[in-house]
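Encoded as structure tokens, the structure appears first; notes follow it.
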Amino acid sequence: MTVSAKALAQVHPEAHEHDHEAELRKEHLMLDPKPRGEMNALVMEAMLTTSWKFWAVAGLMALVTVVGLFGMWGYSISEGMYTASVNRPMYWSYFLVHTVFWIGISHAGTFVSALLRVFRAEFRRPFTRAAELMTTFALAQAGIHIFAHMGRVWLAYWMFPIPTQRLIWPNLHSPLMWDFLAINTYLLSSTMYLFLPLIPDLAMARDRSTGWRKSVYRVLALGFRGTESEWTHLRIALNIFAFAILPVMFSVHTIVSWDFAAAMRPGWSSTIFGPYFVVGALQSGVSAVAMVVITVRATMKNMTYFVRPEHFDALGKLMLIISMAWAYFFFNDYMVQWYGGDSFTDSLLHFHEAGPGGWVWFLMLITNILVPWLVLWNKQWRRNPWILFTVGLLANVGMWAERFIIVPVSLQINRVPFMWGHGVKIFRETFPYVSVEIPIFIGSVAFFVLLYMLASKFIPLVPVWEVQEGQMAHSIRRYGKEPVITVAELE
Amino acid sequence: MAIPKIPEFKAEWKEGEEGRWGMAVDMDLCTGCQACVVACSMENNVPFVGEAEAGYGRSLGWIRVERLWEGQYPEVKMTPYQPVMCQQCGSAPCEPVCPVFATVHSQAEQLNVQVYNRCVGTRYCANNCPYVVRVFNWADFDRPDPLPNQFNPDVTVRRRGVMEKCTFCIQRIHRAEDQAKAEGREVLDGEAQPACAQACPADAIVFGRLDDPESRVSKLSRSNRGSHLLEELGTQPRVTYLKGGSNDRLG
């Protein structure tokens with residue numbers, strides 16, 4: 001028996017290692033640096049390039065906004081709330097569903113940006129601004145729906161705490177007042193939080209543009225020149241804002257939930273509604289971030305460099321975790337209400353599942369729990385933009401269904417069985433043949449898309465300085481023959 | 001009934017204070033004739049919304065006569081007729097939730113009043129009312145001739161977008177109080193009558209002052225046949241429902 005010594009079967013070890021490092025660079029934006037001038041040019045080109053398709057879609061969105069949102073809203077203001085689906089006892093309906101829906105979407109913008117900044121999650125860098133923009137524009141839609149829901153919207157300023165000749169201060173005992181103040185706080189702080197990291201990029205754009213753009217950017221960039229003290233101040237301000245905006249974010253959706261939880265109604269009066277709503281908001285919001293990022297990557301120039309499958313991967317993991325958290329809170333809420341055994345709550349829970357809207361309840365469970373859990377665990381699937389987009393869209397459908405069940409469906413059941421509900425009517429016999437909430441919602445989606453499209457052509461959608469900062473911090477070192485990613489502390 | 005401790009921003013009426021109007025409804029006497037509903041609409045300029053809108057739960061009546069069936073056909077048992085209007089809660093859930101103070105407790109009458117021209121139409125009060133007695137002006141409903149000729153000049157005509165509800169015919173209370181004041185006397189028991197009580201042919205609705213222990217409504221409210229709607233919620237309703245078993249023939 002002969003024993004022969006042979007080298008292990010390893011073909012071209014040098015080439016293999018080289019591939020590994022190249023793979024890392026291809027995979028991670030942070031390890032794939034480009035010269036600063038080149039990257040700035042990429043972002044400027046993405047911002048300045050528009051095709052006829054862009055203007056066609058923007059024109060269509062503007063048309064839908066004007067007709068669906070403002071036209072139908074104006075009609076309902078002049079005619080009264082009977083143009084909507086509301087009745088007695090369902091005093092709130094789709095408008096409140098859509099308010100909570102849009103506030104939920106607005107949530108994740110700040111969540112993705114601020115929380116990931118606080119925890120220094122490096123994958124956030126290329127799309128923080130895309131997420132923050134979503135916050136601001138979605139909040140605007142939420143505000144529109146709150147006002148559209150009011151019976152006499154022309155008197156909405158009576159809810160502002162301003163001294164007037166009426167000598168009546170708003171009622172700060174009302175959860176609606178807390179809501180109003182919280183949303184305003186959130187709108188202001190998230191807009192500031194959007195603006196702060198935008199300053200260096202506006203300065204970058206100012207230095208690379210001419211004409212009216214230069215004049216506008218010059219004003220907006222606040223004279224930023226990139227000195228050391230300016231960067232220090234910006235970093236400190238951003239750090240403070242990132243930490244401070246997180247409690248604001250949590251408080252806003254908690255207070256939105258108190259609009260329901262503080263009321264003495266079966267199904268609404270639930271102590272767990274606060275965190276349940278916050279997690280629900282993240283469920284719809286992070287999914288919306290994924291949808292926006294995928295859309296931006298597919299439609300804007302040069303975005304395939306900045307947004308890569310690694311980002312879909314990270315967002316997919318976030319969506320999966322948040323879906324699990326949502327399932328936990330849903331079960332908690334359901335379990336405690338069911339176990340309580342209050343007869344009206346029992347009737348309501350039975351109505352949720354077995355009533356005429358029961359399929360919405362099951363749809364909610366399927367799209368919020370089943371689909372993410374079955375799909376997002378698979379790395380190849382969540383890295384696929386089509387699949388991730390579909391899961392995100394379904395999660396938003398599911399969260400819409402959740403709010404639909406909480407508002408109009410739950411309002412069908414109250415403590416006076418004689419006054420139980422008449423269902424939710426969508427179609428009408430007279431003009432506009434459909435409850436105005438539907439065209440107003442479609443219009444608000446179009447308005448959101450329109451604002452986003454216009455903003456993407458006006459401000460750099462990628463925070464170039466953050467990407468460059470991250471790329472400077474990242475490097476590949478070798479331990480033996482193995483390439484290892486290291487991140488340096490910059491400050 | 002022991003008054004439970006309630007948050008300061010809701011506690012409006014305290015034991016021993018003047019001016020507390022209340023109602024007693026004898027369900028054994030009520031025939032379900034709906035005269036109270038009609039009288040209320042006439043008195044308070046409540047518009048008629050038409051069959052289609054009413055069918056979708058948009059009728060604006062301030063008072064309704066409830067009747068329910070118990071059991072499965074053919075073994076059905078009818079509950080007695082029960083007129084339900086605003087219960088004028090002492091601790092009203094509708095009041096703290098209004099962002100603009102449009103629904104408040106009046107100091108003078110100790111009633112839960114709706115200030116129409118403050119209302120911006122958020123409808124939160126209605127969602128928080130456990131009795132579902134608040135109604136919303138979904139539109140400026142048409143009033144075909146000759147209905148505009150019978151407007152009550154003492155009552156505001158509400159426009160679209162505001163909430164409204166039973167007031168215990170506060171205009172009639174004021175008229176009786178003004179009359180008594182002019183004659184230098186107290187308001188007599190039974191002098192102030194809301195339209196529903198006046199119209200009731202069976203005298204099932206009795207109205208008066210609960211702070212006068214000798215008034216008819218006080219005596220009826222103390223009856224052991226009496227109960228309050230959803231008393232367990234701690235809303236301190238001012239309407240007492242009387243039921244004494246003589247309705248068994250209905251079953």
Side-chain angles (χ1 to χ4, degrees), chain A residues 77-93 96 146-147 149-159 166 168-180 259-260 262-266 268 344 407 411 414-423 425 428-430, chain B residues 7 9-10 49 52-61 64-68 79 82 84 93 95-104 115 117-141 159-163 229-230 232-235:
Chain A
I77 289 173
S78 68
E79 286 291 307
M81 288 308 292
Y82 83 102
T83 52
S85 62
V86 278
N87 64 6
R88 171 160 77 152
M90 187 184 63
Y91 295 92
W92 290 353
S93 184
L96 262 285
I146 290 180
F147 289 128
H149 131 99
M150 290 171 68
R152 298 205 294 174
V153 66
W154 51 94
L155 300 174
Y157 67 97
W158 286 358
M159 288 168 74
R166 300 169 65 239
I168 300 174
W169 203 243
N171 181 7
L172 291 173
H173 298 140
S174 167
L176 283 186
M177 216 44 232
W178 312 337
D179 200 12
F180 184 76
D259 285 346
F260 307 103
M264 47 192 298
R265 286 192 75 93
W268 278 11
F344 294 113
V407 186
L411 282 174
N414 50 51
R415 290 192 173 89
V416 187
F418 190 78
M419 292 306 291
W420 281 2
H422 304 72
K425 191 169 76 173
R428 296 158 41 79
E429 291 76 37
T430 51
Chain B
F9 63 85
K10 284 170 95 181
V49 302
E53 296 291 333
Y56 189 53
R58 284 173 179 163
S59 54
L60 292 183
R64 60 174 186 261
V65 181
E66 288 191 0
R67 185 187 58 173
L68 297 161
T79 60
Q82 185 174 36
V84 178
E95 285 168 12
V97 296
C98 176
V100 290
F101 286 117
T103 177
V104 289
V115 188
N117 52 6
R118 279 186 199 169
C119 179
V120 297
T122 66
R123 309 191 286 287
Y124 200 165
C125 54
N127 274 340
N128 213 22
C129 171
Y131 307 101
V132 203
V133 290
R134 292 179 154 264
V135 291
F136 190 71
N137 284 272
W138 306 108
D140 290 321
F141 289 104
R159 72 181 303 184
R160 70 179 187 277
V162 301
M163 190 58 74
L229 276 188
L230 299 174
E232 68 275 15
L233 299 176
T235 53

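Since we're looking at a predicted model, the values are computed, not measured. Throughout, a chain's letter reflects where its sequence line sits, starting with A, and its residues are numbered from 1.
Distance SG/B:Cys98 to NE2/A:His173: 12.5 Å, rounded to 0.5 Å.
Using modelled atom types, one side-chain atom of B:Asn137 and one backbone atom of B:Val162 make a donor-acceptor pair closer than 3.5 Å. With A:Arg88 contributing its side chain and B:Ala126 its backbone, the two residues share no donor-acceptor pair below 3.5 Å. At distances below 3.5 Å, at least one donor-acceptor pair connects side-chain atoms of A:Arg152 with backbone N or O atoms of B:Cys119. A distance-only check finds a donor-acceptor pair linking the side chain of A:Asn171 to the backbone of B:Pro96 [under 3.5 Å]. Proximity of a side-chain donor or acceptor of A:Arg415 to a complementary backbone N or O of B:Pro130 within less than 3.5 Å is not detected. Formation of a donor-acceptor pair under 3.5 Å by the B:Tyr56 side chain with backbone atoms of A:Ser85 is found in this model.
With a threshold of 4.5 angstrom between heavy atoms, A:Thr83 does not approach chain B through any atom at all. With a 4.5 angstrom heavy-atom cutoff, A:Tyr157 does not touch chain B via any of its atoms. Residue B:Val104: no heavy atom, backbone or side chain, is found under 4.5 Å from chain A. In this structure, the portions of B:Leu233 lying under 4.5 Å from any heavy atom of chain A include both its backbone and its side chain. For a residue to count as touching a neighbouring chain, one of its non-hydrogen atoms must lie under 4.5 Å from one of that chain's; by this rule B:Glu53 touches chain A with the side chain only. Contact of B:Arg159 with chain A is made through the side chain alone, with heavy-atom distances under 4.5 Å. A:Trp154 touches chain B through its side chain: at least one heavy atom from C-beta onward sits under 4.5 Å away, while N, CA, C and O do not.
Note: A:Tyr82 and B:Phe141 have tilted aromatic rings, judged against thresholds of 30 and 60 degrees for the angle between ring planes.
Ranked by heavy-atom pairs under 4.5 Å with chain A, the list B:Asn127, B:Val97, B:Leu68 is led by B:Asn127. Listed options A:Leu96, A:Leu155, A:Leu176 were ranked by heavy-atom pairs under 4.5 angstrom with chain B; first place goes to A:Leu176. The candidate from A:Lys425, A:Glu79, A:Arg166 with the greatest count of non-hydrogen atom pairs under 4.5 Å with chain B is A:Lys425. Per-residue heavy-atom pair counts under 4.5 Å with chain A were compared for B:Trp138, B:Phe101, B:Tyr131, B:Phe136, and the maximum is reached by B:Trp138. Across A:Trp92, A:Trp178, A:Trp268, the residue that shares the most heavy-atom pairs under 4.5 angstrom with chain B is A:Trp92. For the options A:Pro170, A:Ala156, A:Ala262, heavy-atom pairs under 4.5 Å to chain B are most numerous at A:Pro170.
Each salt bridge (charged side-chain N to carboxylate O under 4.0 Å, His left out) pair with one or both residues in residues 128-140 of chain B, not counting sequence neighbours, appears once here: B:Asp140-B:Arg160.
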